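Heads up: the structure comes next, in structure tokens.
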Amino acid sequence: MGLTLYFLRHGETQASRTGSFCGILDVDLTGEGHQMAKEFAAAYKSLLWTAVYCSPMRRTIDTTKPLCEAAGLEMQLRDGLKEIAYGQWEGKTPEEVNREFHDEYVRYLADPGWNRPTGGERGVDVARRSAVVLDEIERTHHQGNVLVVSHKATTRIMLCSLLGIDVGRYRDRIGMPVASLSIVEMTEQGPLLKSLGDRSHLQEKLRMRPGT
């Protein structure tokens with residue numbers, strides 16, 4: 001058996017409900033977000049895990065904690081898995097950003113790989129720092145199941161990098177709802193996408209909640 005990467009986006013936050021930009025803001029999960037974490041743990045605690053890597057933000061740690069407690073796993077925190085920094089857009093809705101930073105917002109929408117939010121990070125910057133973590137995982141764990149718990153943009157960027165998709169298209173090519181799981185098997189021919197944005201581990205009322 002080779003190495004299989006399980007990419008989990010954190011559970012629901014108030015920012016994911018409203019669609020506001022939330023990168024370095026260290027927000028909490030909602031009550032439903034905590035329930036999403038518990039349901040993921042219940043569904044996957046029996047899988048034979050090799051390691052768990054997690055962004056050091058409250059919303060990712062609290063998403064990871066139920067699984068680690070149920071399966072007796074140690075959470076390894078890595079700054080490279082943090083969400084993209086949105087600079088002056090933090091906490092604002094897309095409508096507010098469009099009004100206040102229109103020209104920069106238009107450039108960002110056209111190519112977020114090379115155009116940064118005002119005072120924030122480019123997609124390529126996130127790709128570089130997250131690649132350091134993925135390289136560490138591949139060097140350390142040649143086989144087994146490794147869980148990587150991160151954020152919406154960062155996870156999409158990592159998937160683009162692994163699958164050979166232009167990082168500038170991460171917003172256009174990959175959907176990533178809260179508490180969703182994507183699976184990539186590292187084969188001799190390269191990374192193979194096995195599942196994308198799966199939320200079958202959640203009960204229907206959680207899967208149907210509005211938000212991004």
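The shown structure was predicted, so the numbers you read here are calculated from the model rather than taken from an experiment.
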Q: Find out whether Leu109 and Arg171 are in side-chain contact, i.e. whether some heavy atom of one side chain is under 4.5 Å from a heavy atom of the other.
A: yes
Q) Parallel, tilted or perpendicular: which describes the rings of Phe21 and Tyr86, with under 30° parallel and over 60° perpendicular? A) tilted
Q) Between the side chains of Glu185 and Thr4, does any donor sit under 3.5 Å from an acceptor? A) no
Q: Check whether Leu181 and Val148 end up in the same hydrophobic cluster, where Ile, Leu, Val, Met, Phe, Trp and Tyr are linked by side-chain heavy atoms less than 4.5 Å apart.
A: no
Q. Can you check whether Thr155 reaches Leu81 side chain to side chain, under 4.5 Å on heavy atoms?
A. no
Q. Which value, rounded to the nearest 0.5 Å, describes the distance between Ser180 atom OG and Leu8 atom CG?
A. 7.5 Å
Q: Could you go through the salt bridge (Lys or Arg N to Asp or Glu O under 4.0 Å) check for Lys152 and Glu83 one step at a time?
A: CA-CA 7 Å; Lys152 184 178 184 179; Glu83 180 60 303; over 6 Å; no
Q) Nearest 0.5 Å, what's the SG-CE distance between Cys54 and Met75? A) 5.5 Å
**Q.** Within one Ile-Leu-Val-Met-Phe-Trp-Tyr cluster: Val184 and Val146, side-chain cutoff 4.5 Å
**A.** yes
(Q) What's the separation between atom OG in Ser150 and atom CZ in Arg156, rounded to the nearest 0.5 Å? (A) 11.5 Å
Q.
Walk me through whether Glu136 and Arg78 qualify under salt bridge (Lys or Arg N to Asp or Glu O under 4.0 Å).
A. CA-CA 10 Å; Glu136 176 191 357; Arg78 296 292 185 272; 2.8 Å; yes
Q. Say you draw a straight line from CG of Leu196 to CG of Leu163; how long is it, rounded to the nearest 0.5 Å?
A. 8.5 Å
Q. Can you find a heavy atom in the side chain of Gln35 that is under 4.5 Å from one in the side chain of Leu206?
A. yes
Q) Looking at side-chain heavy atoms only, is the closest gap between Cys160 and Ile174 below 4.5 Å? A) yes
**Q.** Nearest heavy atoms of Thr154 and Val126, plus distance in Å
**A.** OG1-CG1, 3.7 Å
**Q.** Shortest non-hydrogen contact between His10 and Thr60, atoms and distance
**A.** CB-CG2, 4.0 Å
Q: State, to 0.1 Å, how close Arg207 and Arg199 come at their nearest heavy-atom pair, and which atoms those are.
A: O-NH2, 2.7 Å
(Q) Testing the 3.5 Å rule here: is there a donor-acceptor pair between the side chains of Tyr105 and Arg99? (A) no
Q. Would you say the side chain of Thr118 lies within less than 4.5 Å of the side chain of Tyr108, judging by non-hydrogen atoms?
A. no
**Q.** Heavy-atom side-chain proximity of His151 to Ser55 below 4.5 angstrom
**A.** yes
(Q) Under a 3.5 Å distance rule, please check whether Thr140 uses its side chain to pair with a backbone N or O of Ile137 as donor and acceptor. (A) no
Q: Looking only at non-hydrogen atoms, find the nearest pair between Ala15 and Cys22 and report the distance.
A: CB-CB, 3.6 Å
Q) Is Asp125 salt-bridged to Arg116, cutoff N-O under 4.0 Å? A) yes
Q) Can you find a pair of side-chain heavy atoms, one from Leu134 and one from Met158, that are under 4.5 Å apart? A) yes
Q: Ignoring hydrogens and angles, tell me if any N or O in the side chain of Glu90 forms a donor-acceptor pair with the backbone of Ile24 under 3.5 Å.
A: yes
Q) Hey, what's the ring geometry for His201 with Tyr44, parallel, tilted or perpendicular (30° and 60° as the breaks)? A) perpendicular
Q) Closest heavy-atom contact between Glu138 and His142? A) O-ND1, 3.6 Å
Q: Check whether Trp89 and Val27 end up in the same hydrophobic cluster, where Ile, Leu, Val, Met, Phe, Trp and Tyr are linked by side-chain heavy atoms less than 4.5 Å apart.
A: no
Q: Mind running side chain to side chain contact (heavy atoms under 4.5 Å, CB included) on Ser20 and Lys92 for me, showing each step along the way?
A: CA-CA 5 Å; Ser20 59; Lys92 298 181 183 295; over 6 Å; no
Q) Would you find a donor on one side and an acceptor on the other, under 3.5 Å apart, between the side chain of Thr63 and the backbone of Gly11? A) yes
Q.
Do Leu162 and Ile157 sit in one hydrophobic cluster, given that two such residues count as connected whenever their side-chain heavy atoms are within less than 4.5 Å of each other, even indirectly?
A. no
**Q.** Taking every non-hydrogen atom, the tightest pair across Val124 and Val167
**A.** N-CG1, 4.2 Å
(Q) Just so I know, are the side chains of Arg58 and Ile61 near enough to count as touching, which here means a heavy-atom distance under 4.5 Å? (A) no
Q) Are Lys65 and Glu69 close enough, and set up right, to give a side chain to side chain contact (heavy atoms under 4.5 Å, CB included), and what steps lead you there? A) CA-CA 6 Å; Lys65 190 176 297 183; Glu69 291 177 347; 3.4 Å; yes
Q. Are Asn98 and Glu95 close enough, and set up right, to give a side chain to side chain contact (heavy atoms under 4.5 Å, CB included), and what steps lead you there?
A. CA-CA 5 Å; Asn98 188 38; Glu95 293 76 18; 5.7 Å; no
Q. Does one hydrophobic cluster hold both Leu5 and Val52, with members joined at side-chain heavy-atom distances below 4.5 Å?
A. no
Q. How many angstroms lie between OG1 in Thr187 and CG in Leu3, if you round to the nearest 0.5 Å?
A. 11.0 Å
Q.
Could you walk me through whether Leu47 and Tyr6 satisfy the side chain to side chain contact (heavy atoms under 4.5 Å, CB included) test, starting with their C-alpha distance in whole Å, then the side-chain angles of each, then the deciding distance to 0.1 Å, before giving a yes or no?
A. CA-CA 11 Å; Leu47 189 68; Tyr6 289 73; 3.7 Å; yes
Q: In plain terms, say whether Arg59 and Glu12 are close enough for a salt bridge, that is, a side-chain N and a carboxylate O under 4.0 Å apart.
A: no
Q. Would you say Asn115's side chain and Arg107's backbone share a donor-acceptor pair under 3.5 angstrom?
A. yes
**Q.** Gap separating the CE atom of Met176 from the CG atom of Leu159, nearest 0.5 angstrom
**A.** 5.0 Å
